[in-house]
Amino acid sequence: MADEATDILKKEQLPRVVRYVDNSKIIRESFLGFCHLSNGSTGVAIKNEILKEIKDFGLHIKLCRGQGYDGAGAVAGIYNHGTAALIRSEYNKAIFVHCSNHRLNLCVAASCSIQIVREMMDNCKSIADFFNLSPKRQEYLIENIKSYLPDSTMNHFVFKDVCRTRWIE
């Protein structure tokens, strides 16, 4: 899985994650790190960087059974010069799957034009702001959560800010 991102210095970075089944038959995901896309973010450049990194980590691309990217043409262009098509042309078992989290985000973002959804998102943001912008209210919230859920294994008590394109975070 990979997704091009631009850092604060305006350099294109490629975070990479591998999903695999370990010896105990448990599905795992490991973050391999970021690499700078010094040759640009075309499908060919990203493909070359991914294949190089896989080799550098001592992994075997011929064992790859899937590729996951967002829907951008440079990576997901399955019919032309996208990374997915280029890798699949060499390794036919590396099937492209559109990132389900990204697809879900796109659906939610599109639904924000619906009045009731937009109002719900606005209400969630107002509630999050109400607690997150006041240390006293935040402490009150934490105390009440702990009193109502004393056996909870919950260890995160801050509301996430609502964002139309990254709402599932």
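- For Phe31, the CZ atom sits in a packed shell: over 12 heavy atoms of surrounding residues, nucleotides or ligands are nearer than 6.0 Å.
- Under the 3.5 Å distance criterion, the side-chain polar atoms of Arg28 are left unmatched by any main-chain donor or acceptor of Arg19.
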Step by step, would you call Lys55 with Leu51 a side chain to side chain contact (heavy atoms under 4.5 Å, CB included)?
-> CA-CA 6 Å; Lys55 184 178 179 182; Leu51 294 180; over 6 Å; no
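- Rounded to the nearest 0.5 angstrom, Leu141 CG and Lys146 NZ are separated by 10.5 Å.
- Between Glu49 and Lys52 the shortest side-chain heavy-atom distance falls below 4.5 Å.
- Summarising the geometry, atom CD1 belonging to Ile50 is positioned 5.5 Å from atom CG belonging to Leu14; distances are rounded to the nearest 0.5 Å.
- Here the side chain of Asn132 pairs a donor or acceptor atom with the backbone of Ala128 at under 3.5 angstrom.
- Between the Gln67 side chain and the Ala84 main chain, a donor and an acceptor come within less than 3.5 Å of each other.
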Kindly indicate, with the supporting measurements, whether the criterion side chain to side chain contact (heavy atoms under 4.5 Å, CB included) is fulfilled by Lys47 and Glu90.
-> CA-CA 11 Å; Lys47 175 206 127 187; Glu90 293 180 43; 2.7 Å; yes
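- Linking Ile, Leu, Val, Met, Phe, Trp and Tyr whenever their side-chain heavy atoms come within less than 4.5 Å puts Met120 and Ile116 in one cluster.
- Between Val21 and Ile26 the shortest side-chain heavy-atom distance does not fall below 4.5 Å.
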Take Ile142 and Phe131 through the side chain to side chain contact (heavy atoms under 4.5 Å, CB included) test and state the conclusion after the steps.
-> CA-CA 10 Å; Ile142 292 169; Phe131 287 105; over 6 Å; no
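- Within 6.0 Å of the OH atom in Tyr140, the count of heavy atoms belonging to other residues, nucleotides or ligands does not exceed 12.
- For the pair Cys64/Tyr91, no side-chain contact is recorded, criterion being any heavy-atom separation below 4.5 Å from C-beta on.
- Distance check: Leu59 CG to Tyr20 OH gives 9.5 Å after rounding to the nearest 0.5 Å.
- With values rounded to the nearest 0.5 angstrom, Ile61 atom CD1 is found 5.5 Å from Ile87 atom CD1.
- With hydrogens and angles disregarded, a donor-acceptor distance shorter than 3.5 Å links the side chain of Arg65 to the backbone of Leu63.
- For the pair Phe57 and Leu32, the minimum side-chain heavy-atom distance is below 4.5 Å.
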Going through the distances and angles, do Asn48 and Asn39 end up as a side chain to side chain contact (heavy atoms under 4.5 Å, CB included)?
-> CA-CA 9 Å; Asn48 292 338; Asn39 294 322; over 6 Å; no
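- Taking all atoms of both residues into account, the shortest heavy-atom contact from Glu53 to Cys35 is OE2-CB, 4.0 Å.
- Contact of the Phe96 side chain with the Arg88 side chain is not registered, since no non-hydrogen atoms from C-beta on lie closer than 4.5 Å.
- Residues Leu133 and Ile127 do not share a hydrophobic cluster, defined by chaining ILVMFWY side chains whose heavy atoms lie under 4.5 Å apart.
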